[in-house]
Protein chains: 2
Amino acid sequence: MSERISDAEHAVMEVLWDEAPLTAQDVAERVAPARGWSANTVKTLLGRLLAKNTIAAEEDGRRYLYRPLVERGDYVEGESRRLIDRLFGGKLTPLVAHLAERDALTDEDIAEIEALLKEIKS
Amino acid sequence: MSERISDAEHAVMEVLWDEAPLTAQDVAERVAPARGWSANTVKTLLGRLLAKNTIAAEEDGRRYLYRPLVERGDYVEGESRRLIDRLFGGKLTPLVAHLAERDALTDEDIAEIEALLKEIKS
DNA sequence: CCCTTTCGATTACAGGCGTAATCGTTACGA
DNA sequence: TCGTAACGATTACGCCTGTAATCGAAAGGG
């Protein structure tokens, strides 16, 4: 279905997931500063996302209003799954184990996840 | 330090992490079938990994023996962190929450992670 | 000793990506 | 009305990636 979203494109998507529809300029204002991009760059990215059918453009006078066609949750799940499949045999546990083993988890993280899991079970 | 490892390169690295040192042909035999690659492709990838200082080559007669210079754990942690930073604000909990919410976690997964966390705490 | 196979090294080449600049059109301000 | 600013569209361009083919040297078989 939807083609892969590149890193730079993803930055644009985050803006649109946060707020939509937006004009190209709106997007540029929100994303360009942090990235140091020119407005042209943002327009190129919007064009590519359009071509990939990841966003839609609705005419609004002589400009367009852009909004996402892909949901953030779907994207996030896809990316997460890719990583977990590629590096951890498709299972989440080894990821958690790996981070824990490397002290990349604070006590607080652990407590949070435990609380979360407890809630899920109920 | 080390440059990014591409997807295709990663497949080669997995072979070397599993067993090393290996000749180019060894690597090709182990990785090419699953990927449908020619032996040449594997050699190109080994060359690129060499250039990136991700692997080392030791002469062995008229051929080379390749072995990783980067540890799998470091790579895995880097990639995991990248994803978690990019999509979950750097925290693991939202990743777990996201997968749970999407029913991407089985009861067994949950039990495993709980057991794992309990062990860590002790 | 020569032909063929085998190596690594070099070169290739299209497509994606990051990052724009330029072009053609139109609307708006002076 | 005329120049200019703002838009989207088109074009650019170098680097990375995936995926090899080709080249030159060397080694091994007959």
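For the numbers below, each heavy atom of this structure counts, side chains included, while hydrogens, waters and symmetry mates do not. Letters A, B, ... mirror the listed sequences (proteins, then strands); counts begin at 1.
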(message) If the threshold is 4.0 Å, N to carboxylate O, is there a salt bridge linking Glu14(B) and Arg72(B)?
(response) yes
From CE of Met13(B) across to C1' of dT17(D) the rounded distance in Å is 17 Å
From the candidates dC7(C), dT19(C), dA20(D), the one with an atom nearest any side-chain atom of Lys43(B) is dC7(C)
Whole-Å distance, Leu49(B) CG to dG8(C) P, equals 14 Å
**Message:** Quick check: any donor-acceptor pair below 3.5 Å linking the side-chain of Ser38(A) to the base of dA20(C)?
**Reply:** no
Note: for Trp37(A) and Gly47(B) on DNA chain C, the residue whose nearest nucleotide lies more 5' is Gly47(B)
Leu46(B) CG to dG8(C) P, in whole Å, measures 8 Å
OP1 or OP2 of dC7(D) less than 4.0 angstrom from a side-chain nitrogen or oxygen of Gln25(A), does that happen here?
yes
field: Distance below 4.0 Å between Arg63(B) side-chain N/O and dC7(C) OP1 or OP2
entry: yes
Checklist entry - Would a distance-only check, ignoring hydrogens and angles, find a side-chain to backbone donor-acceptor pair under 3.5 Å from Trp17(B) to Gly73(B)? => result no
Arg4(A) CZ to dG16(C) C1', in whole Å, measures 12 Å
query: With sugar-phosphate meaning primed atoms plus P, OP1 and OP2, does Thr23(B) contact a base, only sugar-phosphate, or nothing at under 4.0 Å between heavy atoms?
result: nothing
note: Asp7(A), atom CG; dG18(C), atom P; distance rounded to Å ~ 6 Å
Asp60(B) atom CG is separated from dA27(D) atom P, nearest whole Å, by 13 Å
| Do the side chain of Arg62(B) and the base of dT6(C) come within less than 3.5 angstrom through a donor-acceptor pair of N or O atoms? | yes
Taken to the nearest whole Å, CG/Leu45(A) to P/dA20(C) is 10 Å
With a sphere of 6.0 Å drawn around CD of Glu58(B), does it hold more than 12 non-hydrogen atoms of other residues, nucleotides or ligands?
yes
Leu65(A) CG to dC7(D) P, in whole Å, measures 12 Å
**OP:** Answer yes or no: is there a donor N or O on one side and an acceptor on the other, between the side chain of Thr41(B) and the main chain of Trp37(B), under 3.5 Å?
**Re:** no
Pick base, sugar-phosphate or nothing for Arg48(A), based on heavy-atom distances below 4.0 Å to the nucleic acid. base
Original post:
With distance as the sole test, does Asp18(B) use its side chain to make a donor-acceptor pair with the main-chain N or O of Val15(B) at under 3.5 Å?
Top reply: no
Residues of residues 77-85 of chain A with a heavy atom under 4.0 Å from any atom of DNA chain D, listed by number, are none
| Just by modelled atom types, is the His98(A) backbone N or O under 3.5 Å from a matching donor or acceptor in the Arg102(A) side chain? | no
Which of dA9(C), dT19(C), dG8(D) is nearest the side chain of Asn40(B)? It is dA9(C)
Ranking dG18(D), dG8(D), dG18(C) by distance to the side chain of Tyr64(A), first place goes to dG8(D)
(request) Using a cut-off of strictly less than 4.0 Å, decide whether Ser6(A) has a side-chain nitrogen or oxygen near OP1 or OP2 of dG18(C). (result) yes
Partner of Glu9(A) under side-chain hydrogen bond (donor to acceptor under 3.5 Å, both in side chains), picked from Arg48(A), Lys52(A), Arg4(A), is Lys52(A)
CD/Glu71(B): more than 12 non-hydrogen atoms of other groups inside 6.0 Å:
no
**Asked** Between dT17(D) and Lys52(B), is there an OP1 or OP2 to side-chain N/O distance shorter than 4.0 Å?
**Response** yes
